[in-house]
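So the structure is just underneath, and the comments pick up after that.
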Amino acid sequence: MRYLSTRGGMDPAGFADVLIDGLAPDGGLVIPEAIPVLDTDDLAALAVAPYPEVAGAVLTRFGTDGDPGGLDAGDLARVAAAAYGPDRFDHPDVVSLRPLGDGMVLCGLSHGPTLAFKDMAMQLLAGLFDSVLGARRDHMTVLGATSGDTGSSAEHAFAGSASVDVFMLSPLDRMTPFQTAQMYTIDHPNIHNLAVRGVFDQCQDLVKHVTSDQGFKVRHRIGAVNSINWGRIVAQVAYYLYSSLRVAGPGGEVSFAVPTGNFGNVYSGHVARRMGAPIRRLVVACNENDVLDEFFSTGRYRMRRPGDVVATSSPSMDIAKASNFERYVSDLTGGDTGVVADLFTSPDGFDLSSDPAFAAVAATGMVSGSSRHADRIATIREVHRRWDVVVDPHTADGITVARRFLEPGIPMICLETAQPAKFSATIVEALGEAPPVPERLARILDLPQRYQVIDPTPDAVRAAITAARPRRAGHRAR
Ligand SMILES: *Cc1c(COP(=O)(O)O)cnc(C)c1O
């Protein structure tokens with residue numbers, strides 16, 4: 001498979017390159033030249049395959065490119081088998097499917113090390129990076145900023161990697177004790193927690209600042225594993241195929257409800273649907289930050305200013321703009337790179353309400369809705385009362401909106417994007433008691449923590465990265 005930019009300004013590249021480099025050089029997003037379509041036999045085989053095999057099969061469609069030094073199907077199957085092994089995921093099936101009622105099925109995606117669905121993609125991504133960088137005898141420095149969840153997932157996935165060092169900036173004393181412990185108790189020499197005396201926005205600005213220093217970036221091979229990385233999208237396609245094929249039954253269809261922030265998760269569902277997964281609707285569930293719900297209702301995409309983002313009780317969906325949305329709009333325009341470049345370089349957003357591209361939304365099966373704090377609380381209560389299941393606030397947003405789109409005879413698969421233990425305060429508000437904490441994490445708050453406190457300056461970040469360099473030089477020499 002070859003990859004191009006949504007804006008047309010990139011020479012075709014192979015999977016390994018877009019995996020490592022992430023961004024298209026013209027500011028657009030990397031997309032495959034074509035979406036592979038699975039035939040009836042392929043789908044029948046996947047319907048009975050264990051999860052790691054489904055993931056391996058999806059990877060093979062997108063990840064083999066015949067390049068010398070590229071990955072082959074055997075490499076990809078091995079990476080998938082290791083990424084979803086029993087040492088990483090608590091559930092024997094990796095992904096769980098649990099019928100609720102009213103035609104809804106809860107799809108558990110948060111059985112991984114950090115209890116959030118980000119692990120599904122990050123575990124695979126780390127294995128792919130090690131494979132590619134190992135074969136090239138190369139090393140990379142992943143630099144990121146986190147307010148809690150993504151950073152933790154990346155650190156757990158890359159802990160112990162021979163070819164990647166992770167430097168993660170987090171705001172000192174501003175994460176929950178559980179999030180802090182999840183990150184700072186990791187004890188691997190390639191994981192570097194930098195606790196910044198400042199807030200999350202400063203952490204993000206520092207990453208931008210240090211990465212825009214080209215000399216430093218090249219010298220330290222600095223990259224990112226953020227939500228627009230194509231590898232993360234591909235990894236997520238697998239659970240849409242896996243769960244739709246299992247739940248739909250022969251000749252049947254399902255819909256999905258997806259708690260949405262940066263549009264990465266639901267975009268993966270869109271890719272799975274195009275590949276032939278039996279998906280009728282993809283329900284885009286937003287919280288109070290409803291920029292995407294506004295688009296699907298009106299055709300207008302009005303990005304918010306960062307200061308207008310509301311802090312909510314489903315914080316991982318608090319966004320000003322949806323970074324993966326450009327990939328979907330590219331599809332709506334039939335891959336018109338000129339139009340996409342125009343739309344996504346206009347500073348505040350765009351209006352497609354009277355454009356054929358907006359009319360194309362219907363054929364993609366996407367519908368939307370938003371959920372507010374009171375809805376979230378009511379849904380957590382109702383799901384607990386009726387089916388004795390505790391869901392986290394993000395999953396509750398998905399279920400809230402899913403209810404508006406239930407259709408007889410079409411199961412609605414509600415994606416569970418995190419375990420409730422991560423968002424204890426909201427669960428206490430809804431149910432009057434704290435959610436259960438998985439045993440493996442019960443004592444995490446008592447473990448020793450490892451982190452370095454730094455001032456919110458680019459120099460402090462650069463100094464921390466430079467100081468860790470001897471370890472990497474040693475790795476290369478081996
Ligand atoms: C990241 C995240 C989301 C949003 O996913 P996107 O791919 O950004 O749309 C939803 N819920 C939880 C718990 C998350 O961590």
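Counting starts at 1 for both ligands and their atoms, in listed order. Only a predicted model underlies this, so the values are computations on that prediction, with no experimental measurement involved.
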**OP:** Just do the salt bridge (charged side-chain N to carboxylate O under 4.0 Å, His left out) check on Arg376 and Glu288 with the steps written out, would you?
**Re:** CA-CA 11 Å; Arg376 211 166 289 143; Glu288 288 86 337; 2.6 Å; yes
Original post:
Does a donor on one side chain sit under 3.5 Å from an acceptor on the other, for Asp331 and Tyr267?
Top reply: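 Judged by distance alone, the side chains do not pair up.
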Original post:
Cut-off 3.5 Å, side chains only: do Asp392 and His394 have a donor facing an acceptor?
Top reply: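 There is such a pair (donor and acceptor under 3.5 Å, judged by atom type) between the side chains of Asp392 and His394.
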**OP:** Give a yes/no verdict on a cation-pi contact between Arg88 and Tyr84, requiring under 6.0 Å between NZ or CZ and the six-membered ring centre and an angle within 45° of the axis.
**Re:**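 Cation-pi check for Arg88 and Tyr84: fails.
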**OP:** Considering heavy atoms of the protein only, find what lies nearest to atom 7 (O) of ligand 1 and give residue, atom and distance to 0.1 Å.
**Re:**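 Nearest neighbour among protein heavy atoms for atom 7 (O) of ligand 1, to 0.1 Å: Asn265 N, 2.9 Å.
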Original post:
Does the salt bridge (charged side-chain N to carboxylate O under 4.0 Å, His left out) test come out yes or no for Asp290 and Arg304, once each step is laid out?
Top reply: CA-CA 10 Å; Asp290 55 2; Arg304 314 296 197 243; 3.0 Å; yes
Within the 4.0 Å heavy-atom shell around [X], which atoms of ligand 1 are there?
X	value
Phe263	6 (P), 8 (O), 9 (O)
Ser316	2 (C), 3 (C), 4 (C), 12 (C), 14 (C), 15 (O)
Ala418	13 (C)
Gly264	6 (P), 7 (O), 9 (O)
Asn262	6 (P), 8 (O), 9 (O)
Thr260	9 (O)

Original post:
How about His111 and Phe89: are their ring centres within less than 6.0 Å of each other?
Top reply: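 No: the rings miss the under 6.0 Å criterion.
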Heteroatom proximity flag, [X] to ligand 1, N/O under 3.5 Å:
X	answer
Gly261	yes
Thr417	yes
Lys118	yes

Original post:
Of all the heavy atoms in Phe117, does at least one lie under 4.0 Å from an atom in ligand 1?
Top reply: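 So Phe117 counts as touching ligand 1.
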**OP:** Look at ligand 1 and say whether Pro259 reaches it with a heavy atom at a distance under 4.0 Å.
**Re:**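 Pro259: in contact with ligand 1 (<4.0 Å).
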Subject >> Within 6.0 Å of CZ in Arg440, more than 12 heavy atoms from elsewhere >> reply: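 Counting neighbours around CZ of Arg440, more than 12 heavy atoms of other residues, nucleotides or ligands fall under 6.0 Å, so yes.
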**OP:** Before accepting this row, confirm whether a basic side-chain N of the pair Glu416/Arg98 lies closer than 4.0 Å to the acidic partner's carboxylate O.
**Re:**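 Salt bridge flag = no for Arg98 with Glu416.
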